[in-house]
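What follows is a single structure, written as structure tokens, with notes after it.
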2 protein chains.
Amino acid sequence: MEFSTIEIEKAATILKLLGDKTRLTMVKMLDTNDYCVCEFVEIFKVSQPAISQHVRKLKDAGLVRETRRSQWVIYSLNKESDVLPFVQSLIDHLPKQDFKLQELEQQGLRISCE
Amino acid sequence: MEFSTIEIEKAATILKLLGDKTRLTMVKMLDTNDYCVCEFVEIFKVSQPAISQHVRKLKDAGLVRETRRSQWVIYSLNKESDVLPFVQSLIDHLPKQDFKLQELEQQGLRISCE
DNA sequence: TACTTATATAATAATTTGCTTATATAATGA
DNA sequence: TCATTATATAAGCAAATTATTATATAAGTA
């Protein structure tokens, strides 16, 4: 076997989670940068509660972590997730989403909370 | 880029399709053997129409092909699907399901339509 | 031809999903 | 303290999903 394997049931759960364009894009974006909720709101053109609900599902699956930095909550990929290798091999097939970050910057909407 | 990429939207559609334990298992099984509907019915403990509906979704996505051999309809992976590389890299992480075939054979339920 | 076996399709019901709006909580700053 | 900004949670609703049962179609066989 080439790779470490993951139980079919667990894999199906992850695939279902990522079988949504918004969440899949979020995970691909988080592969190269951290993002706060308000940035996702700008990018995905849906309501703030909708975004909160998506990131919550990712968090419940252990795929992302959240860190509060003053009034913002920053989301990042959880490098310690046991399913990350599986997820990583999957998102490696997706085109980079860096242009979304650049759009944010051009609109002056990138958060930098230092 | 290491791999050929697949559009995010297309990827999300495939992941949603495979985000179901039954369909994901089917695809993993079809990676090493062809199966007919009645065999899937035995294996998955759901009704025959439920199985037909699952394989239909896989077929609509171009992931499997069907061949009629006398009264049986045999399903196989469509080697020409443009998303097969993506799907393949994903199911490579799943444990082999050969034991299911062996169970079928032990119960005398393996179809051989020659 | 009539019966059996294998499969597909239609109709339907229960559950889940993904959004919305309204509201609560948490941190910041005047 | 009070207002503002960022985020989370709750409630409600429409659409999608996945199973079921009933029925249609297709092939094989007596």
Side-chain angles (χ1 to χ4, degrees), chain A residues 8-9 12-27 30 34-61 63-76 104 107-114, chain B residues 8-9 12-27 30 34-61 63-76 104 107-114:
Chain A
I8 287 236
E9 199 146 352
T13 301
I14 295 295
L15 297 184
K16 186 177 198 175
L17 183 73
L18 299 183
D20 172 277
K21 195 190 170 186
T22 302
R23 287 192 296 267
L24 184 60
T25 306
M26 281 177 168
V27 169
L30 291 172
D34 295 351
Y35 288 88
C36 76
V37 171
C38 61
E39 292 169 326
F40 281 143
V41 170
E42 286 301 327
I43 289 164
F44 290 107
K45 318 287 186 199
V46 289
S47 67
Q48 174 268 314
I51 295 295
S52 273
Q53 285 156 20
H54 281 303
V55 293
R56 179 138 218 283
K57 286 183 185 182
L58 294 175
K59 203 185 82 171
D60 286 349
L63 224 60
V64 305
R65 287 177 318 173
E66 63 177 40
T67 321
R68 185 173 273 277
R69 276 194 228 158
S70 80
Q71 72 260 60
W72 294 283
V73 177
I74 310 295
Y75 284 89
S76 55
L104 271 185
Q107 297 174 268
L109 294 169
R110 177 69 177 164
I111 298 300
S112 59
C113 33
E114 307 303 331
Chain B
I8 287 235
E9 199 145 351
T13 302
I14 295 295
L15 297 184
K16 186 177 198 175
L17 184 72
L18 299 184
D20 172 278
K21 196 190 170 187
T22 301
R23 287 191 297 266
L24 184 60
T25 307
M26 281 176 168
V27 169
L30 291 172
D34 296 351
Y35 287 89
C36 75
V37 172
C38 62
E39 291 169 325
F40 281 143
V41 170
E42 286 301 326
I43 287 164
F44 291 107
K45 317 286 185 198
V46 289
S47 65
Q48 175 268 314
I51 295 295
S52 273
Q53 286 156 21
H54 280 303
V55 293
R56 181 138 216 283
K57 287 183 184 183
L58 294 174
K59 203 185 82 172
D60 286 349
L63 223 60
V64 304
R65 289 178 316 176
E66 61 177 41
T67 320
R68 185 174 272 276
R69 275 195 230 158
S70 78
Q71 72 258 62
W72 295 283
V73 177
I74 310 294
Y75 284 89
S76 55
L104 272 185
Q107 298 175 268
L109 294 169
R110 176 69 177 164
I111 298 300
S112 61
C113 31
E114 307 305 332

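Residue numbers begin at 1 in each chain, while the letters A, B, ... track the order of the sequences.
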Report task. Could you tell me the separation between the NZ atom of A:Lys21 and the CZ atom of A:Phe44, rounded to the nearest 0.5 Å? Result -> 9.0 Å
Query raised in the report: How many Å lie between CG on B:Asp60 and C1' on C:dA8, as a whole number?
Result: 12 Å
Report task. Could you check how far CE of B:Met26 sits from P of D:dT18, rounded to whole Å? Result -> 12 Å
Query raised in the report: Considering only side-chain heavy atoms of B:Ser47, which listed nucleotide, C:dT17, D:dT20, D:dA16, is closest?
Result: D:dT20
Query raised in the report: How many Å lie between CG on B:Asp20 and C1' on D:dA16, as a whole number?
Result: 14 Å
Query raised in the report: With sugar-phosphate meaning primed atoms plus P, OP1 and OP2, does A:Lys16 contact a base, only sugar-phosphate, or nothing at under 4.0 Å between heavy atoms?
Result: sugar-phosphate
Query raised in the report: Looking at B:His54, does any N or O in its side chain come under 4.0 Å of the phosphate oxygens OP1/OP2 on D:dT17?
Result: no
Requested in this report: Would you kindly give the CG-to-P distance between B:Leu24 and D:dT18, to the nearest whole Å?
Outcome: 13 Å
Report task. Kindly point out which of D:dT18, D:dG28, C:dT7 is positioned nearest to the side chain of B:Ser70? Result -> D:dG28
Query raised in the report: What integer distance in Å separates A:Gln71:CD from D:dT7:P?
Result: 8 Å
Query - Residues, nucleotides or ligands: over 12 heavy atoms within 6.0 Å of A:Glu9 CD - result: no
Query raised in the report: With a 4.0 Å cut-off on heavy atoms, is B:Gln48 in touch with a base, just the backbone sugar-phosphate, or nothing at all?
Result: base
Query - Separation of D:dT17 P from B:Leu58 CG (nearest whole Å) - result: 14 Å
Requested in this report: Run the numbers on A:Phe40 and A:Leu30 for side chain to side chain contact (heavy atoms under 4.5 Å, CB included), then give the verdict.
Outcome: CA-CA 11 Å; A:Phe40 281 143; A:Leu30 291 172; 4.1 Å; yes
Query raised in the report: Taking atom types as they are modelled, is there a donor-acceptor pair under 3.5 Å from the base of D:dT20 to the side chain of B:Gln53?
Result: yes
**Report entry** Whether A:Glu39 side chain and A:Cys36 backbone form a donor-acceptor pair below 3.5 Å
**Finding:** yes
Report task. Select base, sugar-phosphate, or nothing to describe what B:Tyr75 touches, counting heavy atoms under 4.0 Å on all strands. Result -> sugar-phosphate
Report summary line: Of the candidates C:dT7, C:dC19, D:dA19, the side chain of A:Val46 sits closest to C:dC19
Query raised in the report: Starting at the 5' end of DNA chain C, which residue's closest nucleotide do you reach first, A:Lys45 or A:Arg68?
Result: A:Lys45
Report task. State, with a plain yes or no, whether a side-chain heavy atom of A:Val55 is found less than 4.5 Å away from one of A:Glu66. Result -> no
Query - Short side-chain N/O contact to D:dA8 OP1/OP2 from A:Lys59, under 4.0 Å - result: no
Query raised in the report: According to a strict under-4.0 Å criterion, is B:Arg23 in side-chain N/O contact with OP1 or OP2 of D:dT18?
Result: yes
Report task. Look at the side chain of A:Trp72 and decide which nucleotide, out of D:dT20, C:dA6, D:dT7, has an atom nearest to it. Result -> D:dT7
Query raised in the report: Below 4.0 angstrom from OP1 or OP2 of C:dA8, is there any side-chain N or O of B:Arg56?
Result: no
Query raised in the report: To the nearest 0.5 Å, what is the distance between CG (A:Asp34) and OG1 (A:Thr67)?
Result: 7.5 Å
Requested in this report: In whole angstrom, give the distance that lies between atom CG of B:Leu18 and atom P of D:dT17.
Outcome: 14 Å
Query raised in the report: Within this structure, what is the NZ-to-C1' distance between B:Lys57 and C:dA8, rounded to whole angstrom?
Result: 15 Å
Query raised in the report: So what does A:Lys21 touch, heavy atoms closer than 4.0 Å: a base, only the sugar-phosphate, or nothing?
Result: nothing
